[in-house]
Amino acid sequence: MIRSPPQKYNPKKVEEKILDFWVKNDIFKKSIEQRKTNDSYVFLEGPPTANGMPHPGHVLTRVMKDLILRYQAMNGYYILRKAGWDTHGLPVEIEVEKKLGLKDKHDIEKYGLKKFNDECKKSVFKYENAWVEMTKRIGFWLDMDNPYITLKNDYIESVWWSLKQAWEKKLLYRGHKVVPYCPRCGTALSAHEVAQGYKNVEEPSIFIKFKLKDEDAYFLAWTTTPWTLISNVALAVHPNATYIKILYHGQTLILAEERAAVLLKGQEYEMLDGFSGKDLEKTEYEPLFDYAKPDKKAWYVILADFVTMEDGTGIVHIAPAFGEDDYNVGVKYGLPVVQLVNLDGTFKDEVTLWKGQFVKDADPSIIKHLEKEGFLEGTKEHTHEYPFCWRCDSPLLYYAMESWFIAMSKVQKNLVDNNDQINWYPRHIQQGRFGDFIRDVKDWALSRNRYWGTPLPIWICTDKKCKHQICVGSVDELKELSDEFPDDYDLHKPFVDELTVRCPKCNSKMKREKEVIDCWYDSGSAFFAQWHYPFENKKQFEENFPIDFISEALDQTRGWFYSLLAISTFLFERPPYKNVLTLGLVLDKDNVKMSKSKRNYVDPTIILDHEGADALRWYLLSANAPWNSTRFYEEAVRETLGKFILTLWNSYNFFTTYASLDKFDPRQDMIPINDRQLLDKWILSRFNRTVSEVRKYFETFEIHKAARVIESFLIEDFSNWYLRRSRKRLWVEEKTDDKLAGYSTMYDVFLGLSKLLAPFVPFITDEIYQNLRTGDMPESIHLCDYLQPDERHIDENLEEGMRRVRALVEVGRALRSKVGIKVRYPLSSAVIVCKKDVEVLIKDLLDLLNEEINVKHISFERDTGKFMTKTVKPNHSQLGPKYKAKVKGIVTAIEELDEHGLYEDLTTKGEVALSVVGEEIKLTIKDFKIVETEKEHIASTQTEDMILLLDTTLTPELEAEGFAREIVRRIQSMRKELDLDVEQQISTSVGISKEKQQMLKDWEDYIKGETRSQAITYEDKPTGKLVKTWDIDEVKATIGVGT
RNA sequence: GGGCCAGUAGCUUAGGUUGGUUGGAGCACCCGGCUGAUAACCGGGAGGUCAAGAGUUCAAAUCUCUUCUGGCCCA
């Protein structure tokens, strides 16, 4: 039996009830288990780090993943939804350092690695509860009881296995490379980590003069990093550029001609000489500082192609220790690597003036010093992007460091091929942002000089002669090599470093390379490591590879999306996933990216409490294309609640109120669709079309479009038209077939709509479903199948006819408002002038039009002749050019003619002859404008190819009927004010003039019926529970309502 | 400096592939109507140099180029 739910919708209460229902009845588990024998749809959860609170961006990814998975599940696919946690890496260490008050790596070692890593392990799950709660609360169905966790021994063992594969393919090497380095974290960062942290900064850039050794002249160079000048060893020029020597403010300077033209524009200088870059090679100059004691020849001009003429002076200062280009060109020329900076980013002791200072902080003081020494030519504020550490926000330094690498450049071709096989949404990322990155792939700097991470499984023999290197690929292998290996072990530091490992060649002790690995490698291994492959679950791995669908935010493009592809490419030589949906960022109300530091993000739990998960989900899913950024703020979600969720609830409430009153039973009372009204057939046609569009949009992940077609179906078609037009049908006392047809249709639509919406808004849909379902249906909507459109119920002509009728209603109402006759007053007739085929489309739907614009009778005509008068007026723009000065005379002549006769003559004879100042002029219809005017008591309007005419005559009878409706409306509003039940009977007394009483006489039954009045009495002073006096168009009426 | 995405009413946005009547909606505002759906509904009004400029074309919000602004990514 259909119940009538509470009128007010309380999102939090309903959603918590449904959550409880799911848990108590194991619905999530059942939704997976019941599809166990079906084809599977493989999903991989990108593991979040649980050591920070979830924010709106995380909510968006989780909502989107859930939507797709629910959709595919309802389509019958078997989907595992294993949760995952990313647990290693710097962010965790930083948290712990803060907590323990440790300032740097030295502090950590002093504190003890075992204790430190134990703290890290604890810290990782600090916010796990908040994450689990959020995930559940928003309705993201994820198996959080059996997650994969990157810190587990099994997981690490799988990662080691994969590294050994790389080792055996000779892809792992220890290299020397200039890498972005975080002085605070004390570790190098990989390219995709650097990519996380570019910021625009405004910094001083300076022009410096380097004095030539054998001449009283200066090279003018430019830099944005003054602190690197101390380690300067060379100046680079472009071999093919032209350089000039000039006299400027009494000094001789050398710089690129092209740059001089820009920098010294409008200033006076004297050209002394010119040469090409090549001519300058090997020219020696004097160092700015004497701190460096290079072991090789330094301080001369070298040639380099990377010198640009876009900024600076065309002369670039070279410090091989601090730049990739610098390092490479240094190798070529055999330049010394002068390294005067400690690993913590401070100057070494030999730099007496600034020793111990952080290099970037020393910039202003260095600039001052250069100025004092006369080497500074000028400064300029320069805005550019500079990389910062993605976690601790320190500015990165470029450093020549030793590190372990994976030679991704060797498999670049495979990466490109594999990328080509992936479906990217949106498409442009494939060859754009991601493709660019892959085509120019750099070797992956894998090792990290840190503590909390998967240890690099490489051991090197300590014997000076042997130096044998091994990469360990399993726990058994390590056991084999170790003197002692306990049963209770933990594959982290310091355990792995405390093992005594023997060299298989010489039996000497081996020492592990002390680094841990990039945590992006951990998460990128998830597709096999989650199964402890290849040590266990081989079958499961094979069934779940490749992955059908992954989805994360745009910032993962070169993060997780890349690390998955990279690892899968060198391990299995194939792409790891087939479809990847890249999500836009979540921005605040002012279009600014949400970040902790700006504190501009909304706490999702507040919105979940106020507006609920469904409204939150619907907003995120419908606001924008998934890959576009979406603004997020509470008012927006509140609007969604009002517009969509509550419209759904109110219309559902409307249906159930009446259906329960009539004890509508879907098992017995359903009327076959063929026996229902056109209106019913129409909404079912619209519904099935909506279903088919929704499915179409899912194919291409155009989720916003899917959501919008549903929204417009619900609001425009179903709520604002179908239900509005069906109200009267439900208002009859008896259980008529038509009323049952209405209930049947509403039942069909609500049941169908709930299924259609279930993946989007899983709570309210299950709430509705629970009320509508009959015993033979699954116990939750999430155990149902998704809908297929039923083509038999799609009726093109019916939809087109209805569209036209609605268009007529629109202009009809506008017309009434224009002529000033309220809709409440009926008019006797309307005429539609249109073609035969249009008439066929709409003739069966005219009852709707009748009621909406309140006319007694509607008929069709092919032309407007009976109602409109056609006259003609001279068309000046035609006549003007032809007759010039005579026009005035022509117009006067026309005015003297009978205007009706004129039109007749023009249409029958084709022309009229006028005599103007003795001259005969013949005019055709083209020389006139045709003007149509309505005859008396006719109003006209037009839409598309249909003209609607109204007879505006108000007879006394019509006026009486309208007045009766005025009275009804007042009584109804009083009923409402009294908060009466729908069925409650009342007694009504009316105080009104005798004349109006007479008017109402014929309509008493109507008034009684509409207002459920047992009797209507006329009294001078009406009585009742509520008595009100109304002004009805200057008529005073006092009405009393009693129960 | 390069790449990608975007810029439409006060706000949120549709349309853009396939150029073609007067650029649609919603929120907010004003006027009117309707209502036994009270976080409603219907009609009307006001609000747009479709970021700017140029080009192609009979015709450009739509295609092309340039510029500006914002976002993201890279160097």
Side-chain angles (χ1 to χ4, degrees), chain A residues 7-9 191-192 194-198 306 308-311 324-325 384-387 426-437 440 442 553-555 557-558 582 584-585 587 589-593 611 615 619 622-625 627-631 633 635-636 638-647 649-655 657-658 704-705 708 711-712 715-716 719-721 723-724 727-728 730-731 806 809-818 820-825 852-854 944 965 968-969 971-984 1010-1012:
Chain A
Q7 201 159 5
K8 261 240 174 322
Y9 184 66
H192 40 282
V194 178
Q196 314 273 316
Y198 275 88
F306 60 76
T308 74
M309 295 298 144
E310 267 136 19
D311 43 28
E324 196 176 343
D325 287 336
H384 63 136
E385 288 205 300
Y386 195 85
R427 275 203 77 84
H428 62 81
I429 292 189
Q430 178 168 37
Q431 298 309 333
R433 182 175 293 195
F434 196 70
D436 290 343
F437 186 62
D440 192 28
K442 302 261 170 17
L554 189 69
D555 53 6
T557 308
R558 298 183 185 192
T582 310
L585 298 170
L587 309 175
K589 199 174 176 7
D590 303 317
N591 242 335
V592 178
K593 186 177 171 171
E611 282 82 23
Y619 171 71
S622 65
N624 234 328
W627 38 84
N628 282 348
S629 46
T630 300
R631 290 184 209 182
Y633 47 99
E635 299 93 282
R638 196 178 305 141
E639 206 175 284
T640 299
L641 175 70
K643 186 174 66 175
F644 184 70
I645 304 288
L646 291 184
T647 302
W649 185 260
N650 287 340
S651 45
Y652 162 69
N653 188 60
F654 170 76
F655 162 58
T657 302
Y658 286 96
H704 58 308
K705 292 189 180 175
R708 284 168 187 172
E711 189 167 297
S712 108
I715 295 173
E716 298 303 324
S719 175
N720 290 351
W721 188 246
L723 287 184
R724 180 149 66 93
R727 279 194 333 234
K728 283 243 155 55
L730 310 189
W731 189 229
R806 292 177 74 176
V809 167
E810 199 177 307
V811 295
R813 282 173 166 266
L815 183 60
R816 266 186 163 261
S817 146
K818 199 174 118 196
I821 303 172
K822 288 180 180 177
V823 182
R824 216 177 273 135
Y825 287 82
E852 284 285 319
I853 61 172
N854 200 12
E944 299 168 45
R965 283 182 69 166
V968 166
R969 144 121 167 78
I971 298 170
Q972 300 291 38
S973 100
M974 289 171 73
R975 284 188 64 115
K976 221 175 189 179
E977 195 172 325
L978 286 167
D979 200 23
L980 300 181
D981 265 355
V982 176
E983 322 98 291
Q984 175 78 53
E1010 290 288 311
T1011 61
R1012 301 214 168 192

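Lettering of chains follows the sequences in order, A, B, ..., and the numbering in each one begins at 1.
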Donor-acceptor pair (no angle test) under 3.5 Å: A:Arg727 side chain, B:A37 base = yes

Would you please confirm or rule out a distance under 4.0 Å between OP1 or OP2 of B:C42 and any side-chain N or O of A:Asn720?
-> yes

pair_partner(B:C4), Watson-Crick or wobble, both distances < 3.5 Å, evaluates to B:G71

How many Å lie between CD1 on A:Ile715 and C1' on B:A37, as a whole number?
-> 14 Å

Nearest-Å distance, CG (A:Leu641) to P (B:C27)?
-> 15 Å

Candidate nucleotides B:C42, B:A39, B:U35, ranked by approach to the side chain of A:Glu716 - the nearest = B:C42

Would A:Tyr652 and A:Thr647 count as a side-chain contact (heavy atoms from CB on, under 4.5 Å) if you check the C-alpha gap in whole Å, the side-chain angles of each, and the deciding distance to 0.1 Å?
-> CA-CA 8 Å; A:Tyr652 162 69; A:Thr647 302; over 6 Å; no

Candidate nucleotides B:C27, B:A39, B:U35, ranked by approach to the side chain of A:Glu639 - the nearest = B:C27

For B:G10, give its Watson-Crick or G-U wobble partner with both distances under 3.5 Å, or none.
-> B:C27

Nearest whole angstrom, please: distance from the P of B:A39 to the CZ of A:Phe644.
-> 17 Å

Using the C1' atom on both, measure B:G53 against B:A60 and round to a whole Å.
-> 14 Å

Nearest to the side chain of A:Lys705, which nucleotide is it out of B:C41, B:U35, B:G15?
-> B:G15

Can you tell me how far P of B:A37 sits from CH2 of A:Trp649, to the nearest Å?
-> 17 Å

Should A:Lys643 and A:Glu711 count as an ion pair when the cut-off is N to O under 4.0 Å?
-> yes

If you look at every strand shown and take non-hydrogen atoms under 4.0 Å, does A:Leu646 touch a base, only sugar-phosphate, or nothing?
-> base

Could you please spell out the steps behind the salt bridge (Lys or Arg N to Asp or Glu O under 4.0 Å) verdict for A:Arg806 and A:Glu852?
-> CA-CA 9 Å; A:Arg806 292 177 74 176; A:Glu852 284 285 319; over 6 Å; no

Mind telling me whether A:Tyr9 and A:Trp649 have parallel, tilted or perpendicular rings, with 30° and 60° as the class edges?
-> tilted

With respect to the phosphate group of B:C27, does any side-chain polar atom (N or O) of A:Arg638 fall under 4.0 Å of OP1 or OP2?
-> no

Closer than 4.0 Å, any side-chain N/O of A:Arg724 to the OP1 or OP2 of B:C42?
-> no

Rounded distance (Å) that lies between atom C1' of B:C73 and atom CD of A:Gln430 | 17 Å

Between A:Glu852 and A:Tyr619, name the one whose nearest nucleotide on RNA chain B is closer to the 5' end.
-> A:Tyr619

Check if the side chain of A:Ser719 and the base of B:A37 share a donor-acceptor pair of N or O atoms closer than 3.5 Å.
-> yes

Nearest-angstrom distance from the residue atom CG of A:Leu723 to P of B:A37 = 10 Å

Nucleotide B:C4, atom P - distance to CG of A:Leu554 in whole Å = 15 Å

Once you apply the 3.5 Å cut-off to both distances, tell me the Watson-Crick or G-U wobble partner of B:A60, or none.
-> none

Describe the nucleic acid contact of A:Arg965 in one word from base, sugar-phosphate, nothing, applying a heavy-atom distance below 4.0 Å.
-> sugar-phosphate

Same-atom distance (C1') from B:C72 to B:C31, integer angstrom | 46 Å

With nearest nucleotides of RNA chain B determined for A:Val968 and A:Ile429 from heavy-atom distances, which residue corresponds to the more 5′ nucleotide?
-> A:Ile429

